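Take a look at the structure set out below.
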Amino acid sequence: VLPVRVAGEVSAVLEFASRRIRQPDKRLWQTLGAIGTQIGQFLSRAEAERAVRDSEARFRALTNLSSDWYWELDAEYRFTRLEGRYIAGGDPALVQRLMGARRWETGLEAEGGWDAHRATLEARQPFHDLLTWRTMPDGLLRYMRISGEAVFNADGGFAGYRGVGRDVTAEKRAEQMLRLEHDVARLLATAENESAGLKGVMRAVCEAEGFACGRYFRLERSLLRFQDAWAAPDPTLVPFIERSRS
């Protein structure tokens with residue numbers, strides 16, 4: 001019988017049985033003692049690995065509930081880890097480009113500008129719900145809010161940042177559409193005349209959505225007849241609007 005020690009405490013006993021009585025073997029006992037120590041180290045390592053796996057599972061579960069993805073940066077603010085849902089809008093190629101790059105080098109824009117954010121990082125301060133956005137290949141904007149905190153080594157040295165992010169595109173889109181509705185209501189309420197009101201509405205919609213121009217057609221019996229238009233300051237749009245008049 002030999003004890004198995006974990007962290008200096010006996011946590012188990014290993015027993016061997018023989019069919020015949022044998023004389024004590026000092027060398028065998030030394031070896032079995034070493035084996036008991038090795039088993040203790042193995043169990044400690046296995047328990048630590050199991051604790052890490054459990055912790056990771058709990059972490060991922062909480063991350064999925066509270067955010068869409070988890071990220072880590074090194075001491076130079078370069079991405080070293082990205083995992084979770086909706087990373088990079090589901091674009092694997094973009095995920096690859098992000099790894100090893102700094103956030104402000106990836107085509108992202110940030111509310112308040114990157115200089116202010118870099119100042120926060122240099123001060124090793126946490127940040128919460130920083131609004132960022134990116135123009136996707138289809139031309140639409142994707143909005144994200146990110147939060148993070150500094151990470152330090154055991155000796156107190158700065159190791160980087162870690163945090164979470166979530167996609168808020170639908171939320172921002174709803175805000176934009178509500179703002180557009182309010183702008184249109186205000187424009188119509190303060191318009192000097194019908195033409196000014198129509199042009200104001202078309203301009204508001206175009207500027208909100210990045211459209212080139214808007215045209216208003218009045219229904220006359222079975223015909224739609226051009227009445228007003230608004231166009232961005234682009235000389236190529238002038239003949240288009242003129243042709244609309246006829």
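Quantities reported herein were computed from a predicted structural model and do not represent experimental measurements.
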- Task: Kindly give the heavy-atom pair with the smallest separation between Arg5 and Pro3, and that separation in Å.
- Result: NH1-CG, 3.4 Å
- Would you indicate whether the side-chain heavy atoms of Phe16 and Leu2 approach each other to under 4.5 Å? yes
For residues 129-137, tabulate all N or O donor-acceptor pairs below 3.5 Å that involve a side-chain atom, not counting sequence neighbours.
| from | atom 1 | to | atom 2 | distance (Å) |
| --- | --- | --- | --- | --- |
| Thr132 | OG1 | Met144 | O | 3.3 |
| Arg134 | NH1 | Thr106 | O | 2.4 |

- Which heavy atom of Asp68 sits nearest a heavy atom of Asp167, and at what distance? OD2-N, 2.8 Å
- Item | Arg166/Glu171 under side-chain contact (heavy atoms from CB on, under 4.5 Å): CA gap, chis, key distance, verdict | CA-CA 11 Å; Arg166 56 190 177 94; Glu171 174 186 321; 3.9 Å; yes
- Query: Which distance, rounded to the nearest 0.5 Å, do you find between the CG of Asn193 and the CG of Leu198?
  - Reply: 9.0 Å
- Message: Going by the rule side chain to side chain contact (heavy atoms under 4.5 Å, CB included), which residues pair with Phe152 if we only count those two or more places apart in sequence or in a different chain?
- Response: Arg124, Ala150, Phe158
Output a table of donor-acceptor pairs, distance under 3.5 Å, between side-chain atoms of residues 179-187 and any protein atom two or more places apart or on a different chain; print 'none' if there are none.
none

- Measure up the Phe127 and Tyr161 rings against each other and bin them: parallel (under 30°), tilted (30 to 60°), perpendicular (over 60°). tilted
- Task: Looking only at non-hydrogen atoms, find the nearest pair between Trp104 and Leu121 and report the distance.
- Result: CZ3-CD1, 3.7 Å
- Message: Test of understanding: with salt bridge (Lys or Arg N to Asp or Glu O under 4.0 Å), list the residues that count as partners of Lys172, not counting sequence neighbours.
- Response: Glu175
- Query: Do Val164 and Ile146 pass the side-chain contact (heavy atoms from CB on, under 4.5 Å) test, and can you show the C-alpha distance, the side-chain angles, and the key distance before you say yes or no?
  - Reply: CA-CA 6 Å; Val164 294; Ile146 55 174; over 6 Å; no
- Query: Hey, does Phe79 have a side-chain heavy atom less than 4.5 Å from the side chain of Arg97?
  - Reply: no
- Query: Considering only heavy atoms from C-beta outward, does the side chain of Arg103 approach that of Leu73 to under 4.5 Å?
  - Reply: yes
- Item | Basic-acidic side-chain contact under 4.0 Å: Arg81, Glu83 | yes
- Query: Is Val4 close to Val13 at the side-chain level, that is, under 4.5 Å between some pair of heavy atoms?
  - Reply: no
- By side chain to side chain donor-acceptor pair (under 3.5 Å), Gln30 pairs with (sequence neighbours left out) none
- Note on the structure: Output for pair (Leu94 CG, Met99 CE), nearest 0.5 Å, gives 12.0 Å
- Item | Least distance between heavy atoms, Leu108 atom then Trp114 atom | O-NE1, 3.0 Å
- Query: Among all residues two or more places apart in sequence or in another chain, which pass the side chain to side chain donor-acceptor pair (under 3.5 Å) test with Asp74?
  - Reply: Arg78
Which donor-acceptor pairs under 3.5 Å do the side chains of residues 227-237 make with protein atoms, sequence neighbours left out?
| from | atom 1 | to | atom 2 | distance (Å) |
| --- | --- | --- | --- | --- |
| Gln227 | OE1 | Arg218 | NH1 | 2.7 |
| Gln227 | NE2 | Glu194 | OE2 | 2.7 |
| Asp228 | OD1 | Ser195 | OG | 3.1 |
| Asp228 | OD2 | Ser195 | OG | 3.4 |
| Asp234 | OD1 | Thr236 | N | 3.0 |
| Asp234 | OD1 | Thr236 | OG1 | 2.8 |
| Asp234 | OD2 | Thr236 | OG1 | 3.2 |

- Would you please name every residue forming a salt bridge (Lys or Arg N to Asp or Glu O under 4.0 Å) with Arg203, sequence neighbours left out? Glu207
- Message: Does anything in residues 188-226 form a ring-ring contact (aromatic ring centres under 6.0 Å, His included)? List the pairs, not counting sequence neighbours.
- Response: Phe217-Phe226
- Modelled atom types, side-chain donor and acceptor of Arg215 and Ser244, under 3.5 Å: yes
- Calculate, to the nearest 0.5 Å, the distance between atoms OG1 and CG belonging to Thr169 and Leu141 respectively. 8.5 Å
- Full working for side-chain contact (heavy atoms from CB on, under 4.5 Å) between Leu14 and Val1: CA-CA 6 Å; Leu14 193 60; Val1 177; over 6 Å; no
- Task: Would you name the heavy atoms of Glu76 and Arg102 that are closest together and state the gap between them?
- Result: O-NE, 3.0 Å
- Message: So, taking the atom named CZ in Arg225 and the one named CZ in Arg245, what distance separates them when rounded to the nearest 0.5 Å?
- Response: 14.0 Å
- For residues Cys206 and Gly214, report the shortest heavy-atom separation together with the two atoms involved. SG-N, 3.7 Å
- Task: May I ask you to list the residues sharing a hydrophobic cluster with Val238, side-chain cutoff 4.5 Å, ordered by chain and number?
- Result: none
- Item | Joint hydrophobic cluster, Leu224 plus Val201, side-chain heavy atoms closer than 4.5 Å | no
- Message: Listing request: all salt bridge (Lys or Arg N to Asp or Glu O under 4.0 Å) pairs with a residue in residues 106-115, at least two apart in sequence or in separate chains.
- Response: Asp115-Arg118
- Salt bridge or not for Arg162 and Glu72, using N-O below 4.0 Å? no
- Tell me whether Ile35 is reachable from Leu28 by hopping between hydrophobic residues (I, L, V, M, F, W, Y) whose side-chain heavy atoms are closer than 4.5 Å. yes
- Item | ILVMFWY network linking Met202 to Ile241, side-chain heavy atoms under 4.5 angstrom | no
- Item | Partner residues of Ala159 under the side chain to side chain contact (heavy atoms under 4.5 Å, CB included) criterion, sequence neighbours left out | Val151, Asn153
- Is the number of heavy atoms from other residues, nucleotides or ligands within 6.0 Å of CD (Glu192) greater than 12? no
